[in-house]
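One structure is given here, and the rest of the page talks about it.
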Amino acid sequence: MAMPVLISAETVEKLLQYGELVPRLEVALGKFSSGKGEIVQPVRSVLAIEKYNGYLGVMPAYSAHDDVLATKIVAFYQRDQPSSIPAHQASVLLFDPEHGTLKAVMDGTVITEKRTAAVSAIATKFLKPVQADVLCILGSGVQAVSHYEIFTEMFSFKEVRVWGRTKENVDRFAQTVRGPVRVCSSVKEAVLGADVIVTVTMATEPVLFAEWVKPGAHINAVGACRPDWRELDDTLMKSAVLYVDTREGAMKESGDVILSGAEIFAELGEVVNGDKPALHEKTTVFKSLGMGIQDAVAAKLVFDSWNAQQ
Ligand SMILES: NC(=O)C1=CN([C@@H]2O[C@H](COP(=O)(O)OP(=O)(O)OC[C@H]3O[C@@H](n4cnc5c(N)ncnc54)[C@H](O)[C@@H]3O)[C@@H](O)[C@H]2O)C=CC1
Ligand SMILES: O=C([O-])C1=[NH+]CCC1
């Protein structure tokens with residue numbers, strides 16, 4: 001049996017380009033929500049690694065349209081202190097869908113960084129107010145950087161603000177990103193007047209409160225992926241129009257959705273398909289949890305580009 005190829009994080013970083021990734025993710029989101037069962041993707045299975053405050057998630061997905069069968073395995077850790085080891089580490093196993101042969105094992109950490117930010121950008125394209133001048137990023141880690149990259153590439157914000165819990169992280173963020181950013185010393189300062197907000201923290205209690213949010217703003221709520229973790233307060237969750245990546249996942253994994261009792265208006269894929277409206281004149285929340293099919297589509301792109309270079 002041929003050995004699977006190993007594709008490193010550096011290679012994934014080089015081969016995975018937003019320009020190719022975004023349209024493919026948009027199609028996959030639409031197919032997932034078409035109601036025709038075009039994508040097979042069970043809700044992520046997660047086990048707790050209690051001793052180390054961590055979790056291991058397994059995320060299989062199959063798409064006949066993309067002819068892709070893959071599983072991401074992602075470990076993530078809730079830490080009180082900053083660490084030089086990334087909070088999320090992932091690998092993607094890519095199979096030949098016809099026979100189940102393992103074709104590639106590739107880094108999934110960069111895939112997770114990029115595909116998550118790309119999906120938030122797709123949600124923002126549909127749901128942001130027509131005039132969107134100010135972007136606010138809450139959190140200053142890995143996802144904050146990838147969101148900064150794609151949001152400044154796809155949209156024309158006049159100002160980008162960031163808030164982070166520790167000065168060390170925020171300074172690192174400001175030095176890493178290629179472009180201007182206003183560092184804010186409180187969440188309130190960062191959020192007031194912002195048209196688009198991205199929450200990419202490891203918070204387990206709300207950090208974003210409705211009273212600070214400009215009416216009509218769009219929020220991408222990316223953190224808080226456990227049923228008892230929160231980033232947004234109840235008032236915001238219940239007063240905004242709520243979009244999710246998957247209904248099933250949100251009802252099982254999102255503390256913001258489950259504990260607030262907020263009603264889900266639509267899946268993002270239903271908006272892509274034109275089956276549900278993008279109410280961009282209202283305050284909107286896109287609750288992102290991450291989907292195996294996003295990783296599978298990204299992994300296929302990487303593998304095909306890698307193959308083309310051999
Ligand atoms: N929806 C999705 O598809 C995905 C969601 N995520 C989530 O996005 C979030 C950010 O992930 P990364 O950037 O990779 O993590 P990271 O560890 O690189 O950054 C986390 C940031 O949150 C801050 N933070 C930690 N605890 C906090 C607290 N209690 N209150 C406020 N801020 C706090 C840290 O200082 C840091 O700035 C996490 O919640 C992660 O689980 C990550 C990958 C995919
Ligand atoms: O989709 C993903 O990879 C994750 N979502 C939350 C933690 C990791």
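Numbering starts at 1 and runs along the sequence shown.
Listed by first then second residue, pairs satisfying salt bridge (charged side-chain N to carboxylate O under 4.0 Å, His left out) with a partner in residues 137-150 number zero, not counting sequence neighbours. Legend: side-chain hydrogen bond (donor to acceptor under 3.5 Å, both in side chains) pairs involving residues 200-210, not counting sequence neighbours, sorted by first then second residue: Thr201-Glu231. Residue pairs meeting the salt bridge (charged side-chain N to carboxylate O under 4.0 Å, His left out) criterion with at least one partner in residues 164-174, sequence neighbours excluded, are Lys167-Asp171. Applying the side-chain hydrogen bond (donor to acceptor under 3.5 Å, both in side chains) test to pairs two or more places apart or on separate chains, those with a residue in residues 269-282 are Arg247-Glu270. Sorted by first and then second residue, the salt bridge (charged side-chain N to carboxylate O under 4.0 Å, His left out) pairs involving residues 211-222 (not counting sequence neighbours) are Asp195-Lys214.
With respect to Glu267 and Lys287, no salt bridge is recorded, no charged nitrogen being found less than 4.0 Å from a carboxylate O. Using a 4.0 Å cut-off between charged side-chain N and carboxylate O, Arg161 and Glu159 make a salt bridge.
Looking only at distances, no side-chain donor or acceptor of Ser33 sits under 3.5 Å from a matching main-chain atom of Gly30. Checking side-chain atoms of Ser83 against main-chain N and O of Arg79 turns up no donor-acceptor pair under 3.5 Å. Between the side chain of Asn53 and the backbone N or O of Tyr77 there is no donor-acceptor pair closer than 3.5 Å. Gln309 contributes no side-chain N or O that, together with a main-chain N or O of Trp306, makes up a donor-acceptor pair within less than 3.5 Å. Put simply, the side chain of Thr283 gets close to the backbone of Gly216: a donor and an acceptor are under 3.5 Å apart. No side-chain donor-acceptor contact under 3.5 Å links Asp234 to the backbone of Met237.
Val213 and Val207 fall into different hydrophobic clusters, where Ile, Leu, Val, Met, Phe, Trp and Tyr are joined by side-chain heavy atoms under 4.5 Å apart, directly or via other members. Leu192 and Phe157 fall into different hydrophobic clusters, where Ile, Leu, Val, Met, Phe, Trp and Tyr side chains are chained together by heavy-atom contacts under 4.5 Å. Using a 4.5 Å cut-off between side-chain heavy atoms of Ile, Leu, Val, Met, Phe, Trp and Tyr, with links allowed through other members, Val46 and Leu259 fall into different hydrophobic clusters. Hydrophobic clustering, with ILVMFWY side chains joined whenever heavy atoms are under 4.5 angstrom apart, groups Phe95 together with Tyr62. No chain of hydrophobic side-chain contacts below 4.5 Å, direct or via other Ile, Leu, Val, Met, Phe, Trp or Tyr residues, connects Val285 to Ile137.
Note that the CZ atom of Phe151 and the OG atom of Ser120 stand 5.0 Å from one another [nearest 0.5 Å]. Summarising the geometry, atom OH belonging to Tyr148 is positioned 7.0 Å from atom CZ belonging to Phe173; distances are rounded to the nearest 0.5 Å. The CE atom of Met106 sits 9.5 Å away from atom CG of Leu93, with the distance rounded to the nearest 0.5 Å. Rounding to the nearest 0.5 Å places CD of Glu248 at 9.0 Å from CD of Gln41. The distance from atom CE of Met291 to atom OG1 of Thr116, rounded to the nearest 0.5 Å, is 11.5 Å. The OG1 atom of Thr284 lies 8.5 Å from the CG atom of Leu279; values are rounded to the nearest 0.5 Å.
Looking at heavy atoms from C-beta onward, Val92 lies out of side-chain contact with Thr71 at the 4.5 angstrom threshold. Counting heavy atoms from C-beta on, the side chains of Ile7 and Val105 never come closer than 4.5 Å. Looking only at side-chain heavy atoms (C-beta outward), Val244 and Phe265 stay at 4.5 Å or farther from each other. Using a 4.5 Å heavy-atom cutoff, the side chains of Ile122 and Leu268 are in contact. At least one side-chain heavy atom of Glu26 sits less than 4.5 Å from a side-chain heavy atom of Lys125. Counting only heavy atoms from C-beta outward, the side chains of Gln294 and Val119 approach each other to under 4.5 Å. Between Val222 and His147 there is a side-chain heavy-atom pair separated by less than 4.5 Å. You'll find the side chain of Leu289 reaches within 4.5 Å of the side chain of Ser254, heavy atoms only.
Using a 3.5 Å distance cut-off with no hydrogens or angles, the side chains of Asp133 and Gln131 do pair a donor with an acceptor. Side-chain contact annotation: Asn220 with Ser288, donor-acceptor N/O pair under 3.5 Å absent. Between the side chains of Glu189 and Ser185, at least one donor-acceptor pair of N or O atoms lies under 3.5 Å. With 3.5 Å as the limit, one finds a donor-acceptor pair spanning the side chains of Ser8 and Thr11.
When each of Thr246, Asp245, Ile39 is tested with Ile293 by the rule side chain to side chain contact (heavy atoms under 4.5 Å, CB included), just one qualifies, namely Ile39.
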- Query: Can Thr109 and His88 be said to form a side chain to side chain donor-acceptor pair (under 3.5 Å), step by step?
  - Reply: CA-CA 7 Å; Thr109 308; His88 296 71; over 6 Å; no
- Stepwise salt bridge (charged side-chain N to carboxylate O under 4.0 Å, His left out) test for Arg230 and Asp256: CA-CA 5 Å; Arg230 302 294 301 266; Asp256 281 330; 2.7 Å; yes
- Item | Worked verdict on Glu253 versus Arg226 for salt bridge (charged side-chain N to carboxylate O under 4.0 Å, His left out) | CA-CA 5 Å; Glu253 292 193 320; Arg226 298 291 303 151; 5.2 Å; no
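Taking all atoms of both residues into account, the shortest heavy-atom contact from Ala217 to Ala194 is CB-O, 3.6 Å. Among all heavy-atom pairs drawn from Pro180 and Val160, the shortest one is O-CB, 4.1 Å. Ala296 and Ala61 make their closest contact through CB-CB, 4.4 Å (heavy atoms, listed as atom of the first residue, atom of the second, distance). When all heavy atoms of Pro60 and Pro42 are compared, the closest pair comes out as O-CD, 3.7 Å. The shortest heavy-atom contact between Met251 and Ile258 is O-CD1, 3.3 Å. Contact between Lys252 and Arg44 at its shortest, heavy atoms only, is NZ-O, 3.5 Å.
Take Ala48 and apply the side-chain contact (heavy atoms from CB on, under 4.5 Å) test, not counting sequence neighbours, and it matches Tyr55. With sequence neighbours excluded, the residues satisfying ring pair (Phe, Tyr, Trp, His ring centres under 6.0 Å) with Phe209 are Trp212. Under the rule for a side-chain contact (heavy atoms from CB on, under 4.5 Å), Ser45 has no partner lying at least two apart in sequence or in another chain. With sequence neighbours left out, the side chain to side chain donor-acceptor pair (under 3.5 Å) criterion links Asp304 to Lys300. In this view, Ala210 and Asp233, Thr235, Leu236 satisfy the side-chain contact (heavy atoms from CB on, under 4.5 Å) rule, not counting sequence neighbours. By the salt bridge (charged side-chain N to carboxylate O under 4.0 Å, His left out) test, Asp295 is found to be paired with Lys72, Arg115, residues two or more places apart in sequence or in another chain being considered.
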Counting only pairs under 3.5 Å, give me each side-chain donor-acceptor contact of residues 16-23, with atom names and distances, residues two or more places apart or in other chains.
residue	atom	partner	partner atom	Å
Gln17	NE2	Lys14	O	2.7

